[in-house]
Structure formats: C-alpha cells, structure tokens
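A short worksheet on the structure shown next.
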Amino acid sequence: MIARILFLVFLLVAVFFSASSAGDTLIPGQPLLDVADATLVSAGETFELGFFSPDANSTNRYLGIWYHSLSPQTVVWVANRERPVAGRTGRLSLYPNGTLLVTDGGNSSTTVWSSSSGSLALASPVARLLDTGNFVVGEEMTSSPPAWESFGFPTDTLLPGMQLGVNTTSGLRTNITSWRSATDPASGDYTLGIDWHGVPQQMLWRAGQKYWRAGPWNGLYITGAPQMDTENLLQYQISVDSSEFILSYTVSNPSVAVRITINSSGLNEILTWVDERQGWNVRGYVPLDPCDNYARCGPNGVCSPAMSPLCRCLPKFHPANPRNWDLFRDWSGGCMRDTDLDCRNATDGFIKQTGLKLPDTSTATVDESLSTLDDCRSWCLTNCSCTAYARANFSGGGGGSGCIIWTSPPTDMKFFPDSGTGQDLYVRLAAADVIAVSESNHSNRNRLGIIIGSSCAAIFLLAFGLILWKTRRKHHVPEEATEGEDLDLPLFDLKSVEDATDNFSIANKLGEGGYGPVYRGKLSEDQEMAVKRLSKTSTQGVDEFKNEVMSIAKLQHRNLVRLLGCCIQAGERMLIYEYLPNGSLDTFLFDKDKRELVDWKSRYNIILGIARGLLYLHHDSRYRIVHRDLKASNILLDKDMNPKISDFGMARIFGGDETMRNTTRVVGTYGYMSPEYAMDGIFSVKSDVFSFGVLVLEIMWSLWKEHKSLELVDESIAQLFVTDEVLRCIKVGLLCVQEQPEDRPTMSAVLLMLNSNSSLLPEPKPPGFVITKEISKTETSTSKGDSLSRNHVSITTLEGR
Ligand SMILES: *[C@@H]1O[C@H](CO)[C@@H](O)[C@H](O)[C@H]1NC(C)=O
Ligand SMILES: *[C@@H]1O[C@H](CO)[C@@H](O)[C@H](O)[C@H]1NC(C)=O
Ligand SMILES: *[C@@H]1O[C@H](CO)[C@@H](O)[C@H](O)[C@H]1NC(C)=O
Ligand SMILES: *[C@@H]1O[C@H](CO)[C@@H](O)[C@H](O)[C@H]1NC(C)=O
Ligand SMILES: *[C@@H]1O[C@H](CO)[C@@H](O)[C@H](O)[C@H]1NC(C)=O
Ligand SMILES: *[C@@H]1O[C@H](CO)[C@@H](O)[C@H](O)[C@H]1NC(C)=O
Ligand SMILES: *[C@@H]1O[C@H](CO)[C@@H](O)[C@H](O)[C@H]1NC(C)=O
Ligand SMILES: *[C@@H]1O[C@H](CO)[C@@H](O)[C@H](O)[C@H]1NC(C)=O
Ligand SMILES: *[C@@H]1O[C@H](CO)[C@@H](O)[C@H](O)[C@H]1NC(C)=O
C-alpha cells in the first residue's frame with residue numbers, strides 16, 4: 001500500500017516536472033528555474049535549453065543549448081559563459097520589454113547575463129527554442145524576423161544556418177571563440193572570424209595574434225582551406241561585397257547532425273554525429289599542417305608542407321637571415337630580393353607562381369574595375385610599392401575579373417601540390433631576375449625538387465605526412481636550391497621517433513635487420529611504423545643505409561614495402577617504413593604452427609605478389625633495380641597477407657642499357673644465390689629470378705609438407721583448376737632456378753606463365769644448385785643467412801625429386 005502511494009507520488013512528481021520542461025516557449029512571468037530541472041525542448045525535440053554543469057566536480061551552472069537526444073551532452077551555445085551561477089539557484093526570465101536575463105536567485109538576484117542593451121519595444125514578447133538550435137525572442141503572433149536571436153551571439157559552435165562574419169550594414173559582427181577547457185566554457189584563446197582589414201578574409205586568432213588564415217574568397221573557393229571541403233555534405237554560402245563578408249552553411253542531409261567548432265586546443269573542426277557508440281566524427285579540420293602556422297616562412301617565403309625544409313624563398317629572393325634559415329630552421333625572417341626593383345625606368349616584370357594560398361590580404365587592396373590580367377599588370381607597374389597581384393573574382397566565369405594588389409611583401413603563402421587548389425600569384429621582379437627565372441625554368445623543366453637535407457628538420461610526426469606523401473609525388477618546383485641528393489623523402493624529427501617507439505624500448509623491438517635493430521612505433525592513433533635503426537658502430541651499414549634510401553625512395557608499388565621517411569640526426573640514421581602486422585614470410589613457412597594458417601589461395605597470392613613487385617623493380621620502375629637479397633625473411637606480409645618486398649640494403653640500380661654487373665664482394669644469402677653470382681660475382685635481373693625461383697619452391701615445399709597438396713587433389717570441382725595452379729607454380733619455380741641465366745625467364749614471362757595453363761610451359765632443365773653447406777659456412781662474414789640450413793634442406797630435397 002505504501003509502495004503504491006509512493007509510486008503515485010513519484011508519478012505525480014514526474015508528470016509535474018515533465019510538464020515544466022515539455023514546452024519550447026518561455027513567456028514573461030514564468031521563469032525557467034534550474035532548481036526545478038526545468039528545460040525547454042524544441043518542437044521537433046532536436047535541441048534543449050536549460051542549465052548545465054560541464055564539470056561534474058564543480059557546482060558552476062551555465063544556461064546553454066544542447067542536442068536533446070545525443071549523449072554525452074554536446075553543448076552548442078552558452079549564455080553566461082564568463083559568469084557561472086554557483087549552485088542550482090539560476091533562473092532564466094523573459095521581461096515584458098523583451099529582455100532575457102539570467103539571474104542568480106541565490107544572492108539577491110544578481111544578473112549574470114542579459115540578452116540586450118537596448119529596448120526591443122515588443123508588445124507581448126515570447127522566447128522560443130527552434131529546431132535549428134536558435135533561441136529567439138519575438139512578438140508572439142508574428143512571423144517577422146526575431147527581435148533577438150542566440151544565433152547572433154555564437155559561442156564556440158557554428159550550427160547550420162548561423163552566420164559568421166561581418167555585415168557593416170546591419171552591424172552584425174560574429175565570430176566563435178573556443179572554451180577555455182573542456183570543462184570551462186569561459187572564452188579561451190582561439191577565435192575564428194573575419195579580418196576586416198584590407199581585403200576581408202577568414203582568420204583564426206590565438207590570443208589576438210593571427211594563428212591561421214584561410215585566405216580571401218575568390219568567388220569559387222577560399223584559397224587556403226581545401227581541407228574543409230567535406231564530400232559535398234556541407235554547402236557553404238559565402239556572401240561577399242564591399243559591405244559584408246558572411247559565411248554560413250547548410251547540410252544536404254538534414255537528418256545528419258553537423259557542427260563546426262573550435263576546440264580548446266585551437267582546432268577548427270567539422271563534426272558529424274555517427275551514433276551512440278562512436279559519437280562525433282571529425283570530417284575535416286584546420287590548422288592541418290605546419291604550413292598552416294601563420295607566416296611560418298616570413299615575408300616572400302613559401303611554405304610547402306610536403307617538403308624539407310618547409311620553406312623556400314620566392315624565385316630570385318634569398319633568406320634575409322641565412323644563419324637562422326639554414327641552421328636553426330627559423331624561417332620567420334623571410335626573404336629578400338636578389339635584385340632591387342627598378343620602378344622609375346619601368347623595366348620590372350612578373351613571374352607566375354601557381355597553386356598558392358594567396359598571401360595575407362590585410363594590407364592588400366582590390367580593384368574590381370580591372371578586367372584583364374594585363375590591366376592588373378599595368379596597374380601594378382605604375383605603383384612603385386606594388387609587389388604582386390592576383391585575380392580577385394572568378395565567379396563571373398571566363399578568366400575572372402578584378403585584381404587583388406599587394407603593396408607590402410607577400411606573406412603567409414602555402415603551396416598546394418594538387419592541381420585545382422590554390423591560385424596563381426604574379427610576383428614582381430627586376431628585369432634581370434625575370435629573364436634568369438624563365439631560363440632556369442626552361443632547363444629545369446623535369447626536375448623533382450625535394451631535397452634531403454644534411455640534418456633533420458624539426459618536422460611533424462603526424463598522419464598527414466602520409467596524405468601529403470601521396471599527393472606530392474609529381475610536383476614541379478622550378479626554383480630549388482640544389483645541394484645534396486635529389487630525393488623525395490620526408491625527414492622525421494629524432495624526438496618524435498623516440499616518442500613513437502617509447503625511446504626504442506625493448507618491448508617495441510621487432511627484430512634485428514641487416515644493419516641494426518628494427519622497432520615498432522606509433523605514428524598516429526591508427527597508423528604504425530617500423531623504424532630501422534642503423535647501429536652507430538656499423539660502417540658497412542652507412543653505405544647500405546644510403547643505398548636503401550636511394551633505391552627505395554623513388555619506388556612505389558603495392559608489393560614493395562613503403563618507405564615513409566628517414567631520420568638523420570645526432571649521429572642516428574633511421575629508415576621509417578610502414579608497419580606490416582603479419583611479419584615476414586619465413587615465420588609462416590618454417591614455423592610448424594603458423595604454416596598451417598596459410599592456405600593455397602594465399603600462397604598463390606603471395607607468389608603472384610612477389611612476382612609483380614619484382615617485375616616492377618626489374619622493368620617497370622624508372623630504374624632497373626636488382627634486389628640481390630630476395631628471400632623469405634625479406635618478404636613482409638600485410639594484414640591481408642599481401643606480400644611486400646623489403647630490405648633494399650644490397651640493391652643495385654642499373655643504368656639504362658646495363659644488363660649485368662660484376663662484383664668481388666658477393667653479398668646476399670647462400671641458398672638463394674644463383675650459381676653465376678655465388679661463384680663469379682656476376683649479378684643481373686636473372687640472379688633475382690633465380691632467388692625468386694628458390695622462394696617459390698620453398699613456398700611449394702612447405703605446402704607439400706603440410707599435405708595441403710594431397711587435400712587439394714581430392715577436393716571438389718575447383719580441384720582441376722587448383723591442381724593446375726600448383727603444378728604451374730612448381731614448374732615456374734624450376735624454370736627460374738635453371739643453371740644458365742639465359743635459360744631463366746624474365747619476370748614478365750614469369751607472370752605470364754603463372755597465368756597460363758601448366759601444360760603449355762616449357763620443360764625446365766636441371767636446376768643449378770651448386771652451393772654446398774661447406775662453402776656457405778666459410779663465407780658467413782658476408783652472409784646474412786639466418787635461414788641458411790632451412791634453405792638448404794628445401795633445395796636438396798627438391799633436387800632429389
Ligand atoms: C573529479 O575529481 C576527482 C578527484 O579529484 C577526479 O578523480 C575526477 O576525475 C574528477 N572528475 C571530473 C569529471 O573531472
Ligand atoms: C552577492 O552579490 C553582491 C552584489 O550583488 C556581491 O557583492 C557579493 O559578493 C555576492 N555574494 C556572493 C556570495 O556571491
Ligand atoms: C527590461 O526590464 C528588466 C527588468 O525590469 C530590466 O532589468 C532591463 O534593464 C530592461 N531592459 C531594457 C532594455 O530596458
Ligand atoms: C546585411 O545586412 C543588411 C541590412 O540589415 C541585410 O539587408 C543583408 O541581407 C545582410 N546580409 C546578409 C548576408 O545577411
Ligand atoms: C568577435 O566578436 C565580438 C562580439 O561581436 C567582438 O567584440 C570581437 O571584437 C570580435 N573579435 C574578432 C577578432 O573579430
Ligand atoms: C581538439 O580536437 C582534437 C581532434 O579532435 C583532439 O585531438 C584534441 O584533444 C582536442 N582538444 C581538446 C582540448 O579537447
Ligand atoms: C634607369 O635607367 C638609367 C638609364 O638607362 C640608368 O642609368 C639607371 O641605372 C637605371 N636605374 C636603375 C635603378 O636601374
Ligand atoms: C600605390 O597603391 C597603394 C594601395 O592602393 C596606395 O595606397 C598608394 O598611394 C599607391 N601609390 C602610388 C604612388 O600611387
Ligand atoms: C564577382 O563577379 C560577379 C560576376 O561578375 C559579381 O556578381 C560579384 O559581385 C563579384 N564579387 C565581388 C566580391 O566583387
């Protein structure tokens with residue numbers, strides 16, 4: 001009975017409270033009380049308004065708006081962000097004059113927040129929370145624009161439909177400012193808004209200083225923020241003219257919750273809600289890379305995120321402070337002209353720089369009346385302080401219209417290697433320099449310009465390095481200083497490699513490679529790397545290291561292990577590779593338990609993959625590369641058991657028509673070595689083919705040992721086909737290990753044969769196994785033979801068949 005009464009009381013209380021929070025409307029005389037847990041919920045139950053506490057350990061209460069049904073609570077707007085109510089004594093009231101007040105009822109009703117300073121002159125005002133997340137105050141029975149709206153006073157979040165920017169006609173000036181921390185909504189250091197100086201542009205400030213600049217709007221896109229484009233989910237509306245710069249967005253799929261925010265560490269992010277389990281997904285963010293740091297390369301400097309060093313001077317400019325520039329990698333001093341302009345004699349000219357985030361426009365001017373680029377050029381030549389110009393507006397189609405004109409040194413330029421991003425900038429140079437640039441452009445047309453410096457830059461260790469690695473491969477940098485090797489390889493900072501590998505901890509050690517230990521490291525949350533660290537004592541290693549860098553840096557194939565970068569710093573030399581979770585092939589072939597895990601299908605796939613990788617090395621890459629140390633322990637397997645050839649320490653690059661070479665220093669692994677190489681030191685692509693043959697036979701043999709081939713024979717309809725595959729592989733293996741190099745097939749023939757009927761293949765001659773265990777033992781100083789005896793076993797057994 002008592003229980004029933006208690007239950008009834010509970011129901012009544014529940015009804016009372018739910019009634020008090022059910023509405024979306026606040027009217028004068030009925031304040032919203034925190035103590036009663038009262039909230040407003042928008043009509044479609046999307047958003048909720050009420051008091052909340054971002055910090056469970058604090059009694060501070062704030063009036064805010066959050067998503068009604070998303071958990072954990074995601075707050076998109078805060079009223080009294082600077083003045084919390086201490087305890088649950090806060091109340092929100094709407095006054096008859098249309099003002100909203102948040103008061104702290106606990107202390108003689110102190111006002112902690114008020115919506116407006118001027119009277120709104122409303123006859124009968126109501127405040128309503130809309131499904132857009134906008135909290136509006138207006139006349140009760142009208143549809144006219146609200147007299148006050150929370151969208152006019154954003155906190156740290158831009159919801160669809162909110163406007164960010166400046167409208168000088170209406171006096172609107174909105175920006176978003178980060179929270180101080182995840183538990184403190186007070187204004188933090190970072191503000192995103194519009195810089196209204198010069199030609200207006202979107203800007204992120206940190207403590208009042210320029211921190212990241214998106215660049216001006218050119219009618220089609222914002223030149224410095226391609227990464228904020230998110231697969232057409234968002235449609236940006238940008239309205240720009242002499243009196244306003246307003247940015248807002250809508251969402252193509254309104255059922256997806258989307259917000260743009262600045263978090264307390266200064267990241268401007270686009271987030272979409274996935275589900276309860278995964279929460280918010282970051283779809284895009286800035287600043288993205290080190291080049292997004294405002295004016296990283298100083299005046300007249302261009303930043304390329306994929307290059308090392310990051311900064312270069314504009315053509316025919318040189319570092320203002322070479323010591324800082326080269327030695328300390330402090331580029332902020334920027335660059336100076338090689339030759340002064342000659343304005344009075346009107347001899348100056350221009351060079352075009354493509355794919356740039358246009359320089360800071362806060363001191364630039366725009367002239368909409370100039371219609372052609374030639375007009376821009378003439379205009380610039382008449383004004384001695386003009387340094388550069390660019391197209392202002394492409395929205396009319398054609399070649400665009402209007403010009404942006406810079407009268408101070410162009411600053412904060414970033415180079416985008418992808419075509420279709422960035423914009424052309426015309427930089428003014430003295431006549432002699434223009435001629436020099438056009439001549440050197442001509443002779444350097446095909447140069448790739450990434451330079452491996454002599455020491456490691458303080459370079460980022462972020463996942464974006466990978467993205468850039470992909471996009472960077474073909475770009476043309478005409479004016480690159482040329483010291484050192486001409487390599488396209490990111491340099492990693494020693495400190496970050498140490499962090500990633502936990503200071504080269506034993507726990508992270510993967511094994512011992514040819515010239516030193518290999519460690520596993522974390523590149524980012526979901527990207528791992530393998531770090532090959534050259535022993536400081538190894539002298540042979542230095543050559544191998546250089547060789548490996550030279551050979552593989554220029555290669556890219558899905559069956560070659562991918563080099564992500566290197567680190568050369570403080571006496572350390574390291575190669576950084578993608579990490580392959582399944583380790584090397586030998587562990588699968590020679591470990592009895594693991595052997596059973598590899599079925600015929602994946603073995604066949606492994607053979608095909610190695611063949612393809614080798615074909616690329618021998619014939620399809622820009623160079624002809626002989627690996628010289630192909631063996632099971634140098635084949636790594638990714639998570640899907642795709643093979644990747646690794647360890648290029650012994651590889652040799654062959655010139656255009658060179659087919660073989662002689663060496664007195666035979667290196668490699670006995671058992672995999674072709675007779676002519678082991679005996680006479682002659683190597684060629686055919687010696688790799690031999691090693692490939694041994695490898696194939698090893699794979700087949702270990703399959704045999706597991707009786708897999710027998711199982712295959714009595715299996716279903718696919719058997720004929722599979723049996724033929726098995727026979728084909730054995731035959732190809734035997735063809736590859738023929739004694740005479742000229743009898744062995746090339747890798748392209750191998751791939752062809754692997755894909756044709758086994759009965760069509762030529763009959764192999766007897767294999768050329770001439771190496772005995774005794775010889776290999778006397779030569780171990782140059783051998784890396786960790787699988788020596790195993791190789792031997794497999795070969796002799798095959799010999800016997
Ligand atoms: C609250 O404080 C305790 C003890 O200081 C701490 O362990 C806990 O993480 C804090 N909780 C939150 C949400 O900050
Ligand atoms: C109460 O409010 C008065 C002024 O309105 C202020 O001086 C005083 O510090 C407040 N007391 C508390 C405990 O907040
Ligand atoms: C509106 O009324 C409230 C309460 O009387 C007052 O505090 C506030 O200053 C008024 N606002 C204007 C703009 O008059
Ligand atoms: C800017 O303000 C004017 C005057 O209030 C208004 O007509 C115009 O639509 C506003 N611009 C934008 C983009 O909202
Ligand atoms: C951001 O907006 C506030 C309120 O309009 C304004 O006072 C402040 O100057 C703006 N900040 C920037 C950097 O535009
Ligand atoms: C800001 O966002 C990034 C990326 O989502 C996250 O790694 C970082 O921890 C966030 N910072 C804070 C203070 O929440
Ligand atoms: C301009 O031309 C005159 C005569 O041709 C020459 O003497 C002078 O050096 C030139 N000025 C500059 C700055 O090159
Ligand atoms: C050059 O252009 C700038 C920017 O438009 C202007 O302020 C300056 O007066 C011009 N100088 C001359 C000599 O025309
Ligand atoms: C850009 O050009 C278009 C078409 O010519 C014009 O309508 C628009 O007003 C121009 N934008 C600016 C910012 O001048």
Side-chain angles (χ1 to χ4, degrees), residues 54-55 72 74-75 81-82 116-117 150-158 162-168 170-185 187-213 227 245-247 259-272 274 278-288 341 343-344 346 361-370 376 378-389 392 402-408 428 462-464 524-526:
D55 182 354
T74 307
V75 175
R81 67 186 300 185
E82 312 291 350
S116 68
S117 46
S150 63
F151 271 20
F153 305 86
T155 313
D156 68 335
T157 302
L158 211 56
M162 265 183 172
Q163 295 186 328
L164 183 80
V166 175
N167 184 343
T168 53
S170 66
L172 173 101
R173 189 176 196 102
T174 48
N175 50 51
I176 54 176
T177 298
S178 64
W179 285 24
R180 190 166 292 161
S181 74
T183 52
D184 183 0
S187 296
D189 274 348
Y190 300 91
T191 297
L192 181 76
I194 303 302
D195 182 3
W196 192 249
H197 301 100
V199 179
Q201 54 188 339
Q202 199 186 337
M203 187 80 80
L204 179 60
W205 289 270
R206 176 190 188 166
Q209 302 290 315
K210 289 173 185 174
Y211 179 66
W212 172 74
R213 193 178 60 88
Q227 59 271 59
F245 187 124
I246 296 283
L247 184 147
R259 64 197 171 101
I260 295 182
T261 178
I262 303 187
N263 82 4
S264 45
S265 37
L267 228 51
N268 175 199
E269 303 173 308
I270 299 174
L271 301 117
T272 53
V274 185
Q278 298 173 65
W280 292 95
N281 176 22
V282 178
R283 300 287 291 248
Y285 63 91
V286 286
L288 176 68
L341 294 178
C343 186
R344 241 170 341 124
T361 52
S362 58
T363 57
T365 51
V366 70
D367 189 334
E368 282 289 338
S369 70
L370 299 170
C376 306
S378 315
W379 193 97
C380 188
L381 284 174
T382 61
N383 185 324
C384 286
S385 46
C386 175
T387 55
Y389 66 86
C403 299
I404 302 181
I405 287 156
W406 284 266
T407 49
S408 54
R428 186 177 192 168
L462 288 171
F464 74 82
S524 67
E525 250 339 284
D526 47 27

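When a residue number appears, it is its place in the shown sequence, counting from 1. Computed from a predicted model, the values in this text were never measured in an experiment. Just so you know, ligand 1 is whichever comes first in the structure, and atom 1 is the first atom listed for that ligand.
- Considering every non-hydrogen atom in both Thr177 and Asp156, the closest pair reads O-CB, 3.1 Å.
- SG distance check for Cys380 and Cys403: not under 2.5 Å.
- Between Thr174 and ligand 5, no N or O atom pair is found at a separation short of 3.5 Å.
- Counting only heavy atoms, the protein gets under 4.0 Å from atom 2 (O) of ligand 8.
- Ligand 8 places these atoms under 4.0 Å from at least one heavy atom of Thr365: 5 (O).
- Asn263 ND2, 3.7 Å is the protein heavy atom nearest to atom 14 (O) of ligand 6.
- The number of heavy atoms from other shown groups lying within 6.0 Å of CD (Gln278) is above 12.
- Near Asn175, meaning under 4.0 Å from any of its heavy atoms, are these atoms of ligand 5: 1 (C), 2 (O), 3 (C), 8 (C), 10 (C), 11 (N), 12 (C), 14 (O).
- Of the protein's non-hydrogen atoms, Glu269 OE2, 2.6 Å is the one closest to atom 5 (O) of ligand 6.
- In the vicinity of Arg173, heavy-atom distances shorter than 4.0 Å reach the ligand 5 atoms 5 (O).
- The nearest protein atom to atom 11 (N) of ligand 6, hydrogens excluded, is given as Ser265 OG, 2.6 Å; this is a heavy-atom distance.
- Using modelled atom types, one side-chain atom of Thr174 and one backbone atom of Gln163 make a donor-acceptor pair closer than 3.5 Å.
- Nearest heavy-atom pair, Asp195 versus Ser362, reported as atom, atom and distance to 0.1 Å: OD2-CB, 3.5 Å.
- Using modelled atom types, one finds a donor on one side chain and an acceptor on the other under 3.5 Å when comparing Ser187 with Glu82.
- Atom 9 (O) of ligand 5 is not flagged as protein-proximal [any protein heavy atom, distance under 4.0 Å].
- Those atoms of ligand 8 that come under 4.0 Å of a heavy atom in Asn383, given as number and element, are 1 (C), 2 (O), 3 (C), 8 (C), 10 (C), 11 (N), 12 (C), 14 (O).
- Contact annotation: for Ser385 versus ligand 8, heavy atoms closer than 4.0 Å belong to the side chain alone.
- Contact check for Leu271 versus Asn281: no side-chain heavy atoms found under the 4.5 Å cut-off.
- Taking every heavy atom of Trp379 and a limit of under 4.0 angstrom, the matching atoms of ligand 8 come to 2 (O), 5 (O).
- In this model, no donor atom of one side chain and acceptor atom of the other lie less than 3.5 Å apart for Glu269 and Thr261.
- The single protein non-hydrogen atom nearest to atom 4 (C) of ligand 8 is Thr407 CG2, 3.8 Å, given as residue, atom name and distance.
- Backbone and side-chain nitrogen or oxygen atoms of Ser264 are examined, and none is located within less than 3.5 angstrom of a nitrogen or oxygen of ligand 6.
- For the pair Arg213 and Trp205, the cation-pi test (distance below 6.0 Å, angle within 45°) is failed.
- For the pairing with Val199, the side chain to side chain contact (heavy atoms under 4.5 Å, CB included) check across Thr365, Thr363, Val366, Ile405 returns one residue only, Val366.
- Ligand-side atoms of ligand 6 in range of Leu267: 2 (O), 3 (C), 4 (C), range being under 4.0 angstrom from any heavy atom.
- For Thr191, no nitrogen or oxygen atom sits less than 3.5 Å from a nitrogen or oxygen atom of ligand 5, counting backbone and side chain alike.
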